[in-house]
Asks: 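My structure is below; once you've seen it, I'll send some questions.
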There are 2 protein chains.
Amino acid sequence: MRPRIGILGGMGPAATILLQQRILDAVPVKGDSDHIPLLIDMNPQVPSRIDYLIHHEGRNPGPVLAEMAKGLEARGADALVMPCNTAHHFASYIEDATSVPFLNMVELSAAELAKHAPKRGRVGVLASPATETVGLFHSAFQAAGLTASYPENSAQMLHAIEDIKANGPSEQNISVVQATMENLCRDGVDAFLVGCSEFSLVARELTSSVPIIDALDVLTDAIRQFHRPALNKTPS
Amino acid sequence: MRPRIGILGGMGPAATILLQQRILDAVPVKGDSDHIPLLIDMNPQVPSRIDYLIHHEGRNPGPVLAEMAKGLEARGADALVMPCNTAHHFASYIEDATSVPFLNMVELSAAELAKHAPKRGRVGVLASPATETVGLFHSAFQAAGLTASYPENSAQMLHAIEDIKANGPSEQNISVVQATMENLCRDGVDAFLVGCSEFSLVARELTSSVPIIDALDVLTDAIRQFHRPALNKTPS
């Protein structure tokens, strides 16, 4: 039996679909059976992470994520992933509830960024303002020798996320993110992290003179490597 | 708790992603929580339906589908669906193993076609040759007062399916399907059924003077309708 990846999804659903598509695109196949098996709990009713962390409203999403993780493990998931950066604030609920590896997108992204930014480099974080409020990337960035720069227009970025969740990607929300990147570049950043899976939905449209690392790509690569350890060792 | 839809997926994975995207697009939302919750077993290692039915090779997919269905029910699925037409030959394995409704894409499609074709109308079936071999659509079409017309170039159609599974949609495989439709039209058909979920991946590119009913659209609509009654009861 091939290793199966359990996905805690639905935060939002479009990003969960995007992760599946990127996994599909990452694996060369001759037919169905070469693809990576996935178990997906697409639960759009996980309590809002942003409401809980920014507005101190609604239920704690942690226990719901723990239940989802336990269910995926019980069904045979050999590793767990969660294509929502902000929800990683509650990663300990998942890790405490299960015994299979949790491929932590935040830690993996910090390690990847360290390859692209100089020591003590500054990373422009394109993410929900909740990630700054709770210092989501702080310890992972510190461990990787990086510092975070956050956008000043946090309300506008939050609105763009909510607009993508409700209406999908648009020229308007892409231009908000692009303008934010240009402001951060003027302040001096060495790389960007696309650290919100709604922004991953528009990441291919973004351009910059510094490297842009999309957390969802980093996660996709970790899934591919978990599934086929041999690929790690494959020389280019 | 909203009704959850269990998806027996991975046959192939791209079609399972397409179904999720169509469900997403079918539901107007203000945010994540308005979306339909899904449990997806994306199992690309289900034994090949085509190998088993056409070439009499490999294992019977039925018991594997029964296990997947049981697992989805155990995790809380309130209804089951399977975005692979050919696999519906094994629907009884799923129905016998579970007690929740199975939204049968073949039966639902026949009922939908009956609205678009005249009594005793002829339906051009764009599907894997295995569906003709086993008479997959026969009883559902008979119940709906329809007859099936199958393409003469069955080997070419099978190759197109395998090519879409391995390499994704292309101009070449779209033109194979389009030319097949024109041949069937010359023989006189009253409607088309896109009865293979790989062809659903290219269905939006196909044109005809007669109605084209995509089984995956019919299934999407059935999922929306199954989910909606609960929404009506939700206190505002």
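So that the names make sense, note that chain A is the first sequence line, chain B the second, and so on, each numbered from 1. Just so it is clear, the values below take in all heavy atoms, side chains as well, and ignore hydrogens, waters and symmetry mates.
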Asks: Hey, are the side chains of A:Ile40 and B:Leu39 touching, using non-hydrogen atoms and a 4.5 Å cut-off?
Replies: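 Not touching, per the 4.5 Å side-chain cut-off.
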Asks: Is there any residue in residues 6-13 of chain B with a non-hydrogen atom under 4.5 Å from a non-hydrogen atom of chain A, and which ones are they?
Replies: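 If one takes a 4.5 Å heavy-atom cut-off, the residues of residues 6-13 of chain B near chain A are B:Gly10, B:Met11, B:Gly12, B:Pro13.
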Asks: Scan chain B against chain A and return every donor-acceptor pair whose distance is under 3.5 Å.
Replies:
| from | atom 1 | to | atom 2 | distance (Å) |
| --- | --- | --- | --- | --- |
| B:Gln20 | OE1 | A:Gln20 | NE2 | 2.7 |
| B:Gln20 | NE2 | A:Gln20 | OE1 | 2.8 |
| B:Asp32 | OD1 | A:Lys165 | NZ | 3.4 |
| B:Asp32 | OD2 | A:Arg49 | NH2 | 3.2 |
| B:Asp32 | OD2 | A:Lys165 | NZ | 2.7 |
| B:Ser33 | O | A:Gln45 | NE2 | 2.7 |
| B:His35 | O | A:Gln45 | NE2 | 2.9 |
| B:Leu38 | N | A:Met42 | O | 2.9 |
| B:Leu38 | O | A:Met42 | N | 2.8 |
| B:Ile40 | N | A:Ile40 | O | 2.8 |
| B:Ile40 | O | A:Ile40 | N | 2.8 |
| B:Asp41 | OD2 | A:Arg75 | NH2 | 3.4 |
| B:Met42 | N | A:Leu38 | O | 2.8 |
| B:Met42 | O | A:Leu38 | N | 2.9 |
| B:Gln45 | NE2 | A:Ser33 | O | 2.8 |
| B:Gln45 | NE2 | A:His35 | O | 2.9 |
| B:Arg49 | NH2 | A:Asp32 | OD2 | 3.2 |
| B:Arg75 | NH2 | A:Asp41 | OD2 | 3.4 |
| B:Lys165 | NZ | A:Asp32 | OD1 | 3.4 |
| B:Lys165 | NZ | A:Asp32 | OD2 | 2.7 |

Asks: Pick one of side chain, backbone, both or neither for B:Ala14, based on which atoms fall under 4.5 Å of a heavy atom in chain A.
Replies: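 The answer is both parts of B:Ala14.
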Asks: What option among B:Leu72, B:Ile5, B:Leu24 has the most heavy-atom pairs under 4.5 Å with chain A?
Replies: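 The answer is B:Leu24.
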Asks: Which heavy atom of B:Pro37 sits nearest a heavy atom of A:Pro44, and at what distance?
Replies: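 For B:Pro37 versus A:Pro44, the nearest heavy atoms are CA-CD, 3.6 Å.
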